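Below is one structure, written out as structure tokens, with a few remarks after it.
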Amino acid sequence: MPAITLPDGSTRQYDEPVTVAAVAASIGAGLAKAALAGRVDGELVDTSYVIARDARLEIVTDKDSAALEIIRHSTAHLLAQAVQSLFPDAQVTIGPVIEDGFYYDFAYKRPFTPEDVAAIETRMRELAAANLPVARRELPRDEAVALFRSMGEHYKAEIIASIPSNEPISLYGQGEWFDLCRGPHVPATGKLKSFKLMKVAGAYWRGDSRNEMLQRIYGTAWLHDKDLKDYLHRLEEAEKRDHRRIGRELDLFHFQEEAPGAVFWHPKGWRVFQTLIGYMRDRQAAAGYDEVNAPEIMESSLWQQSGHLEKFGENMFLTKTPDERTFAIKPMNCPGHVQIFKQGIRSYRDLPVRFAEFGKVHRYEPSGALHGLMRVRAFTQDDAHVFITEEQITAESVRMIELLLSIYRDFGFDDVQVKFADRPPLRVGSDEIWERSEQALKAAAEAAGVQCAYNPGEGAFYGPKLEFHLRDAIGRTWQCGTLQVDLNMPGRLGAYYIDEHSQKKTPVMLHRAIFGSLERFLGILLEHYAGRLPPWLAPTQAVVMGITDRQHDYVAAVTEMLKNQGVRATSDLRNEKLGFKIREHTLQRVPYLLVAGDKEVAANLLSVRTLSGKDLGTLTVTAFVSRLQADVERRGRTVLEE
RNA sequence: GCCGGCUUAGCUCAGUUGGUAGAGCACCUGAUUUGUAAUCAGGGGGUCGCGGGUUCGAUCCCUGCAGCCGGCACCA
């Protein structure tokens, strides 16, 4: 005789076991209709779930935080059903919920075409309109394996076979079709309305490039049509902030076929790039770093010794000289910095030694990985290597983490994702050394109060790392900063210092980058700010313009004064209407537009307008410059005006 | 690197069921001297990504390659 307690605290008695759906119906017809699933004693179940004992029950409707995931998961099933109804020999594999939607991977003899996808979506709508009831049943594992195997569903059989044999397997069916699934699912396909298939792509079985490639279909699904519409609109908006588009529109950089993955920086883009470098140079100097510069091309023997050729060789550009020596274009800066450390004798009193370099590195990245500024083959790192004793690891790492987060804050990045990555399969050094370096890095992250996600097996080949990830316009995250503890490289390259007992000791080396790659960081910034770089970064901070030719001399003189005071200013003396000039420079995202008409000339003032269209009134040149200086001081920490 | 798609003027894109191409914006010239997001008129501009094949003829069909786009795999 189950007593069921509802969220409002009331309790209902039932004479015999009841389903979630029945409870909902006994409360009200509206609730019964809205029910998507149930939560029994905190656990999500189907509406068909039978409650036999006293329990707490919540009816999950579209108001519930779990609703969206259930809808997406059920829509993935609907997709699989549609595919198998149109392509009976396609095999199902997995179909998880992801951010904003779901995907489902199929094994099929040929790739799906865009036309196939359109047909699949149409079939999905038909199946949804048929409002097929969704039913759950359970089978012992081995029977489930046999069942799927007999159906020719080899991938599914393989998945089930990897589940422990004592666990019963749940199957979900709708119409003729069923699939292995943990659930829960919506009660009937009619609940699925606001979805759309987005794209087809290849994806490796079990995510391993040695395996065969499956056909992945991505879809998005929402509770209401309005949410779907909003989502599609968000995608459109995100496309407008794509850094590749902004780079072209603002004339910042370009790429061309002859140099895949290498940036041609235009004057305006390079100005921003140099501003970033200047900023980092100041911050690093204040944090005790010395800037150095090492060769970009060094003989391969050095890279042999460091282990790069063996572990990273696939990604290296090699070149043979006319005298038959083989050189490598550096893919990393560390070996160069170790060479500098090795010159002369270092005492323990000299540590930490902090070398920083804006080092341009080249990596032969797989062609399919290239992506605008985010993933290139030639890039500039704000790289640094700090040589310390093992005892200093934690303190120095904490200093680094604090510097890093403080710098991100200057750009308005307050929520940075941090991941801890430990030993990769392809690595140098003993497990004992790895154990020590992993522990030390973990301790440092804790001491700095950083919450880390875990990224197993993703460390560098010489040491574990903390990764600092930032998001792009459409939510993809990119690793920018990194902090790596390395107990291997200094020893391999013969670096040592003299300790307090006059003994040679191998230093620990911390590798770190904050922007990571200047190119990528700038790409992220362009998307983060939608091209509206804050005044301290904007390639052009102010444009001075006249209204007629009468103000020509005044505009030229003011522009000159601004430039002399370090303002990145240009003048617009073209014979165009003011509205036209305002529009053009606004589209170019210039933070300040300074207008001089006859009135301003007479009063020796400027009419100041911000990028967002705000009228700041008339100011003297001096007043404007101090306003701009205040902006520069604040950097990106201000909330941007919309 | 793998799967799919794409590549036409500086940009965004149309077009030719195979007979060597067009729009808007941009650019140039002229007129206009203009007060906070587009003044008007005229003009120039393309070996249709590159190579090979089929054909009387290829930008269009076939094929190889490159680059780009979306995923996957790989990574700052």
Side-chain angles (χ1 to χ4, degrees), chain A residues 103 105 110-114 116-117 198-218 239 242 244-245 248-249 251 254-261 312 314-315 331-332 359 361 363-377 379-383 421 424 458 460 465 467-470 474 476 478-482 484 511 513-521 523-524 545-552 574-588 593-600 607-611 613-615:
Chain A
Y103 66 77
D105 286 350
R110 64 165 178 84
F112 294 124
T113 65
D116 292 336
V117 175
M198 303 300 286
K199 56 204 172 196
V200 233
Y204 298 107
W205 166 236
R206 289 186 182 266
D208 189 329
S209 61
R210 287 167 301 193
N211 289 341
E212 60 275 34
M213 188 156 264
L214 306 173
Q215 299 300 315
R216 174 171 299 178
I217 299 178
Y218 283 90
E239 203 180 309
D242 187 311
R244 293 165 295 191
R245 175 175 172 153
R248 185 176 58 240
E249 288 171 354
D251 192 20
H254 84 270
F255 291 91
Q256 65 186 49
E257 272 191 43
E258 293 82 353
F312 203 73
E314 298 258 296
N315 290 296
M332 296 188 194
V361 296
R363 297 183 187 173
Y364 187 80
E365 300 292 347
S367 56
L370 303 182
H371 181 95
L373 293 177
M374 304 300 198
R375 192 75 185 274
V376 287
R377 284 182 175 155
F379 58 102
T380 312
Q381 294 182 309
D382 59 323
D383 207 358
E458 296 292 322
K465 61 180 177 181
E467 304 172 351
F468 298 80
H469 294 255
L470 302 178
I474 54 174
R476 291 182 287 213
W478 298 90
Q479 182 186 327
C480 290
T482 182
Q484 304 160 1
H511 306 237
I514 298 177
F515 294 149
S517 135
L518 271 292
E519 286 79 359
R520 174 180 292 180
F521 194 76
I524 299 258
M545 60 193 88
I547 293 170
T548 72
D549 290 347
R550 289 192 298 279
Q551 297 90 35
H552 192 125
R574 292 175 304 169
N575 174 13
E576 295 288 354
K577 294 180 100 163
L578 182 60
F580 180 82
K581 294 184 186 179
I582 298 274
R583 175 181 159 79
E584 276 209 339
H585 299 298
T586 299
L587 290 174
Q588 286 294 308
L593 303 181
L594 312 180
V595 179
D598 288 337
K599 281 180 280 183
E600 286 80 7
S607 170
V608 181
R609 177 194 158 109
T610 68
L611 173 55
K614 207 164 134 198
D615 181 4

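Hydrogens, waters and symmetry mates play no part in the numbers below; they use all other heavy atoms, side chains included. Residue numbering restarts at 1 for every chain, and letters A, B, ... go by the order of the sequence lines. In this text, all values refer to a predicted model and were calculated from it rather than measured experimentally.
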Protein and nucleotides 1-5 of chain B: nitrogen or oxygen contacts under 3.5 angstrom:
residue : atom : partner  : partner atom : Å
B:G1    : OP2  : A:Ser367 : OG           : 2.6
B:G1    : N7   : A:Gly368 : N            : 3.0
B:G1    : N2   : A:Tyr204 : OH           : 2.6
B:C2    : O4'  : A:Tyr204 : OH           : 3.3
B:C3    : O2   : A:Gly202 : N            : 3.4

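An OP1 or OP2 oxygen of B:U12 is reached within less than 4.0 angstrom by a side-chain nitrogen or oxygen of A:Arg248. Within the structure, a side-chain polar atom (N or O) of A:Arg609 is placed less than 4.0 Å from OP1 or OP2 of B:A37. Within the 4.0 Å cut-off from OP1 or OP2 of B:C69, not a single side-chain nitrogen or oxygen of A:Lys199 is found. Contact annotation: A:His371 reaches the phosphate of B:G70 (side-chain N/O to OP1 or OP2, under 4.0 Å).
Toward the 5' end of RNA chain B, the nearer of the two residues A:Arg550 and A:Phe515, judged by each one's closest nucleotide, is A:Arg550. For the pair A:Phe468 and A:Tyr218, nearest-nucleotide mapping onto RNA chain B gives the more 5' position to A:Tyr218.
Atom CD of A:Glu467 and atom C1' of B:C74 are 13 Å apart (whole Å). Protein atom CE of A:Met545 is 11 Å distant from nucleotide atom C1' of B:A37, rounded to whole Å. Whole-Å rounding puts the A:Glu584 CD to B:A38 P distance at 11 Å. If you measure from atom NE2 of A:His511 to atom C1' of B:A76, you get 14 Å, rounded to the nearest angstrom. Rounding to whole angstrom units, CD of residue A:Gln588 and C1' of B:A38 are separated by 15 Å. Rounded to a whole Å, the CZ atom of A:Arg375 is 8 Å from the P atom of B:A76. Rounded to an integer number of Å, the gap from CG of A:Asp615 to P of B:U36 is 10 Å. In this structure, the CZ atom of A:Phe312 is 10 Å from the C1' atom of B:C74, given to the nearest Å.
To the nearest 0.5 angstrom, A:Lys465 atom NZ is 7.5 Å from A:Glu458 atom CD. The distance from the CZ atom of A:Phe515 to the CD1 atom of A:Ile524 is 12.5 Å, given to the nearest 0.5 Å.
Listed for the A:Arg520 side chain is a donor-acceptor partner under 3.5 Å among the backbone atoms of A:Gln479. Side chain of A:Asp382 to main chain of A:Ser517: no donor-acceptor pair is present (N/O by atom type, distance under 3.5 Å, no hydrogens or angles). Between the side chain of A:Glu584 and the backbone N or O of A:Lys581 there is no donor-acceptor pair closer than 3.5 Å.
The separation of B:U29 from B:U17, taken at their C1' atoms, amounts to 42 Å, rounded to a whole angstrom.
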Side chain to side chain contact (heavy atoms under 4.5 Å, CB included) between A:Glu249 and A:Leu587, intermediate numbers included: CA-CA 9 Å; A:Glu249 288 171 354; A:Leu587 290 174; over 6 Å; no
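The partner of B:U29 is B:A41, by the rule that a Watson-Crick or G-U pair needs both atom distances under 3.5 Å.
Across all non-hydrogen atoms, the minimal contact from A:Arg244 to A:His371 is NH1-CE1, 3.4 Å.
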